[in-house]
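This report concerns only the one structure given below.
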Amino acid sequence: MRSANSTEENSSKMKGESRSPLDNREMWLDARYRKRDGFSNYLDKLEMGVIRACRSLRVRADRKTLQRQAEENNRQKKEFRELCARRAPMFWIPLRAHCVWERMPVTLTCTVLGIPKPTAQWFKNGVPIDLISSPPGKYRFKDEYGLLTLEISRCSIEDSADYSVVVTNAFGEATSFANVLVKQYHGMKSGWDSISYPSFLPSYEGEFTSILKPVFTREKETFILSCSVSASLDRHGQNIHWFRDDELLKESQRRKITCNCCDLSLSASPAFKEDEGFYTIRVPSLSGFQDQSAYVFVRDAEPEKNGGPGAPLCVRCYDINRDSLLLSWTPPSDDRGCPVIGYYIERCDVSTHQWTQCNEVPTKICRFPISGLIEGETYQFRVKAVNQVGISLPSKASQPVTLRDPTEQDGTIEIPYDEQRTIRVFRDDLLEAVKIPLQPTNVHAYEVHEDYIVLCWDEPQRHGKEHFSYFVEQTICGTGIWQRINLGTPVNSPRCSVFHLDKGKSYCFRVRSVNKHGVSEPSDPSEPISPRATLAVPSAPSHVMAFRDTKTSAVVQWEEVNNDPKILGYYLYSRLLGEKDWQIVNNKPLQNTRFTVPELQTGKDYEFCVRAVNEAGLSEWSSPSNALNINDAIYCPSEPYGFALLSCQKEEMTISWKAPKFTAGREVLGYFLDQHDSSEVIWQEVNSQPILKRVSKVTGLKEGNLYEFRARAFNASGVGKLSEPSDLFKCEEWTMAEPGPPFDVRCTEVRNTSLMLHWEEPIYTGIGPVSGYIIEIREERSEDWNKFNENLVLDTHLRISNLEKGKCYEFRVLAVNAAGTGIPSLPCDPVVAETKPGTNEIEVGVDEEGLIFLAFENPEPIDSPQFLWSKDYKGAPDPERTEISTEGNRSKLVLTNPSEKDLGTYAVEVPNTDGVSASHTLTEEELANLLRKSHDIQHPLIQLISGWNKEVMENGDVRLWLEVEKLSPDAKLEMILNDKIIENSPKRKIRFDRENGLVEIIKEDFCEEDRGTYTAKLQDGKASNQFTVTLTGEEFDQLLDASNLQRNEWKKKKGPHFVEQLHWKVTEECHVKITSKVTNTTKETIHQWSLNNKPITKMQFDEQSGIGTLVIEKFGCEAKGHYGAMVKDARGEDNSNLDLSKEALSASPLKCQGTAEGIKLYSDVKFFMECMNPVWNHKDKKLSSSERVKSGSTMNQVWVHITSPAESDKGQYTLELFDGKDIHKRTLDLSGRDRAKVVRGLPDLATIMEDKTLCLTCHISGDPMPEVSWVKNEKTVVFKDRYKLDIKGTVVTMTIEKICADDSGRYSITVKNKYGSEVGQVTVSVFKHGEEPEELKKSLDKTKKPGMPAEFPTFVVLSGEEFLWFCP
């Protein structure tokens, strides 16, 4: 127990030695408390608190004392360092020169060191820059932590100067200089002629002025990629580089790279599919390089046989040995609907340029071993694809390859010695002298496919210095029988291709080395090898997605095929939605899984799919992408521009700006406007909520200060780019009397020679209202504005016409009031007077419902287009008179109640497009035509094809019918007769054939009750019509008689009846023969003839033919009379009558006919008899027969002939015929008749020189005016080309231009009217220069009639019903 206590005491002593006195005090107190058995009082606790508080106060006081001492020490050290570091200022980074464009800001900066801090003073051309006297906001100084900055805003040409900054302190000063060059911008070139600083300018500052566009070409054709830059690159040709798929391109025999001043191009001829890819041109720039890219598409050439596959591509050689190599290629993208089943390989020895086929059986995969080659020779290879239809064109030939030992480079050893010299030793010289080489080792399969196996082995370690080769042997596993493969030629390289192996069997192989001394032992057999398909077609890509890119392109992406490491790439296909066949996009496999497809049709829906490709072939088609409508991708709008000050008060301004040029076809939802006081640094927001219009009133400004503004637009995609700051506008109240500027000047309906100009009224009107506007015009880049209109324009729009096609114009507008002309507006954007391809106009017409409409289709398809219609450019049309509907890219305005109030000009605009707009003026005449069409559609008429037709049927029934257009099955018919509706009945059948549009009435026993008016009323939906026919009077009587006659005939035909009625004719023996024919007779039928009701017994009747005949040998008065024939039996009776009592008196009126000798008057009779006693009278005097006048008759004609008629033969002629009781007369008046004649003018002979113009003119007469025709050598003259005919009154002229020898001959003019004709003739002779046409004199003597004057042409009397008077 004691020992334990002593231990505790020792430990406590040790602990106590390590504690502080305060701690010991606390322990003492604690022990004291414990000794008092835990007794505690208030005084002890208070004492304890006082002790603790004192200790805390002492600690704090000590800390503050230490802090004050440390700060004092730091202050003293700092002062010491500053005293040691004081020095004159110096520029750590000096100013540098700048070259900027006009209206751009520039910032000059430098870094200065100096203690104490130096003060800075800026100078321009040695003159201090004064912020007070300088334009507000022009200069801005900054001095932050030794960084000095001079900001110059909106640089102008005057700002080109030498700038310097002087920094000063108590120890000295320093100066830094810099030059600023401000360039003017003229098109794409800046003006360097006025001021030149070559030492500060970069070597090239040009930029691209045109873009590379995708190129589509075919194999064997030529393609050209071209672009242009703003400055010549002739001195920088070495810095121009072309790339294809990031591979640098160089000129070659097929590829040409040209740089002609500012034009850059790359061409290839002929093109191959290997040339397809992304082409990039890179040119130098200020920041290093600038480049452009475009894709070149090379399509397959047309195959030799339709349906043949496309050619393979990318043929390459690898694993090249002494006598063999491996060949691979890429399968084609287009099999033209028939899968590729194999490939043929051809090789060409470069020395012979002859192609030979390597394989007899097409190989199925795109890899093939080539053996049997000669070491040291150079070869090229090409491949042809095969399908069931035919063979493709050959691929592009591979690069030339020379066969060599791949270990040849390792066959030498270089041993260094004596100061960088070497000794070259051949390894073969170090080999041991061995006669027969050892056996090869490590025989194994290098490649295994179902068509072949490529064996590989290691050379024998000891083979001697002699040349050696190999024999290869094979055996089927388990048989133990070895066979040599290469019986004819040994293998020179450690590679061997084995073909024609059986699938499903395993083979072992071994190799022997051989040289001139002998054959080695066989190598160890290889492992069992079986021919099998080790390469499979890849799986189809998945997740094909298409996205919008531009109006003519789309981005397609898909997932990579990961389970095939040997994939060669992807083929992409596209098609219009709804089509069946896929169109190939690329013909060279794509290495990426994202591609932009160009040259698509805007507004069309496309699908895309992808196929992966490896050496085994093409995968299955991937699932098509979702249909994509081709249009611009959705993006934020571009920046607004064109800020203008419209009105200004003491503390407010009215600002306007122009809409963004590019909106991606999306509506701009509003604008955010910022303002900036030129005396301040920070821009301030004008509005927190979007401004819907492009006009804003800015308040809370300071009078006299300068302000600039900027804005940004936003649409559904977000907020667009921030615009450039506007010009500085001074805030001061406008008190001028003239009006402020109009604003929002824009052009619509731009065509080749005209456009429509619009603007908005000025906000500030001056002392009074605006009375009109003045339009000014200028061509682009011109400085002078020209007044366009002489009279003030009262509206805020004007049609600008008479523009020159293709020229670029600018317009501005000035408002006018009583005080004068106001401030001009900002010019509109430059506009080219040209009708854009695909421009549509407003279509006006009548729709299927008969509504008059105006329709417009947007030629630039966009999503949810807006169509803004206006009438007379004064706002939207009256909604109470019009209805506007939009469907897709087409908008339609319908006139709900068309009238004269709707006349005027209708215009339509499509915002967020490239100025799509059109107008149409609806005129009164056009509206009337449209109203007629509308009425016809709303109240259509059933069209009549054939009106009422009347027909007597075979049985005597009467058929009335009409035909209309085809009607629907719901069409209705209502028949009315004499205002009473008639229905279908057995006696009156009414048929309505709607399919053929036929209305038919068949009436049996047609009689008097059927007389009247028939009306057919038709109704087919909205269409209706009625058709009426009236059967009364003579027309009804004729129809009734015909019906009765036909009915009787029908009834007769039921019994015996006459097929041929009684008729007569005169035989060659001058006998009169009367015949008839009956049919449907029987033995009981009675056939009887009679004359004047007296039976005739001499009649002959043939019962077999039914022909009855009566022959009268001499027809006299006793034979005249009424002949009758009758047939009858129990079935019925029929009669036929023939009246020959007055048959001879059926003489025709007198007729006149011209003959070769004169004229002939005649009358036709049915039968002439001597008892008629014909008598001819002329002018009431009997015409007696003479040598000149002769009369006579034939069986059918009575005539008189007058030879050489004279003037005295004119007058009235009368023929008298006697019928036994009365005298009958026929007359013809020939007095006062004027036949056609050639009066004068035509010569008998006309001679003319070649190449002259011949005019043959003559005068004609005749009443009525005769017809004229010309004949050349008995052939009618056709008046065309050189032959022309002119008839003016009685003067007839025939003209032959540029007459030639073929025009020689005899010409005749024939004039003819109903009273006679005449012919005039002339002989035309064409002779050459200097010839005398002697033969024409003889022909003229022969053609001239004796006793006829030369000036009278000959004439011929033609036959016909004419009378020709002879004029001596």
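Predicted model, so just to flag it, every value in this text is computed and none were measured.
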Would Leu798 and Ile775 count as a side-chain contact (heavy atoms from CB on, under 4.5 Å) if you check the C-alpha gap in whole Å, the side-chain angles of each, and the deciding distance to 0.1 Å? CA-CA 9 Å; Leu798 180 66; Ile775 313 300; 3.7 Å; yes

Give a yes or no on whether the backbone of Tyr635 and the side-chain of Asn715 come within a donor-acceptor separation of less than 3.5 Å. yes

I'd like to know if Lys787 and Glu776 make a salt bridge, using a cut-off of under 4.0 Å between side-chain N and carboxylate O. no

Carboxylate-amine/guanidinium contact Asp914 Lys836, below 4.0 Å: yes

For Leu803 and Ile777 the tightest heavy-atom approach is CD2-CD1, 4.2 Å

Side chain of Gln292, backbone of Ser210: donor and acceptor closer than 3.5 Å? yes

Will you find, in the side chains of Ser679 and Asp677, an N or O donor that is under 3.5 Å from an N or O acceptor? yes

Rounded to the nearest 0.5 angstrom, the NZ-OG1 distance for Lys604 and Thr552 is 15.0 Å

Measure across Leu794 and Ser771 and return the closest heavy-atom pair with its distance rounded to 0.1 Å. CD2-O, 3.4 Å

Identify whether the distance between the nearest side-chain nitrogen and carboxylate oxygen of Glu732 and Lys650 falls below 4.0 Å. no

Of Arg746, Lys661, Lys658, which is the lone residue that meets salt bridge (charged side-chain N to carboxylate O under 4.0 Å, His left out) with Asp829? Lys658

Provide the closest heavy-atom pair for Gln866 versus Glu667 in the form atom of the first, atom of the second, distance. NE2-OE1, 3.1 Å

Using distance alone, with no hydrogens and no angle criterion, decide if Thr596 and Asp549 have a side-chain donor and acceptor under 3.5 Å apart. no

Roughly how far, to the nearest 0.5 Å, is CZ of Arg751 from NZ of Lys805? 13.0 Å

Write down the atom of Gly720, the atom of Cys636, and the distance for their closest heavy-atom approach. CA-CB, 3.8 Å

Kindly check if the number of other-residue, nucleotide or ligand heavy atoms within 6.0 Å of CG (Asp130) is above 12? yes

Minimum heavy-atom distance between Lys702 and Cys731, given as atom pair plus value: O-CB, 3.6 Å

Please determine whether salt bridge (charged side-chain N to carboxylate O under 4.0 Å, His left out) holds for the pair Glu599 and Lys213, giving the CA-CA distance in whole Å, both sets of side-chain angles, and the decisive distance to 0.1 Å. CA-CA 10 Å; Glu599 299 299 323; Lys213 295 182 179 180; over 6 Å; no

Name the orientation class of the two ring planes belonging to His758 and His797 (parallel below 30°, tilted from 30 to 60°, perpendicular beyond 60°). tilted

Does atom CZ (Phe662) have a neighbourhood of more than 12 heavy atoms from anything else shown, all under 6.0 Å? no

Which atoms form the tightest heavy-atom contact between Val719 and Phe672, and what is the distance? CG2-CE1, 4.4 Å

Take Tyr773 and Trp759 through the ring pair (Phe, Tyr, Trp, His ring centres under 6.0 Å) test and state the conclusion after the steps. CA-CA 10 Å; Tyr773 299 92; Trp759 62 90; 5.4 Å; yes

Take Leu645 and Met653, measure what side-chain contact (heavy atoms from CB on, under 4.5 Å) needs, and give me the verdict at the end. CA-CA 7 Å; Leu645 179 61; Met653 290 181 179; 3.9 Å; yes

For Asp159, is there an ion pair with Arg154 - N to carboxylate O distance below 4.0 angstrom? no

Counting neighbours of CD on Glu151 that are heavy atoms of other residues, nucleotides or ligands and sit closer than 6.0 Å, is the number greater than 12? yes

Classify the angle between the aromatic ring planes of Trp657 and Phe643 as parallel (below 30°), tilted (30 to 60°) or perpendicular (above 60°). tilted

Could you check whether Arg712 pairs with Glu639 (Lys NZ or Arg NE/NH1/NH2 to Asp/Glu carboxylate O, under 4.0 Å)? no

Is the shortest distance from a Lys or Arg side-chain nitrogen in Arg694 or Asp744 to a carboxylate oxygen in the other one below 4.0 Å? yes

Under 3.5 Å, is there a donor on one side chain and an acceptor on the other for Tyr707 and Asp727? no

Output yes when a side-chain donor or acceptor of Thr896 lies under 3.5 Å from a complementary backbone atom of Arg881, and no otherwise. yes

Under 6.0 Å from the CD atom of Glu680, do we count more than 12 heavy atoms belonging to anything else shown? yes

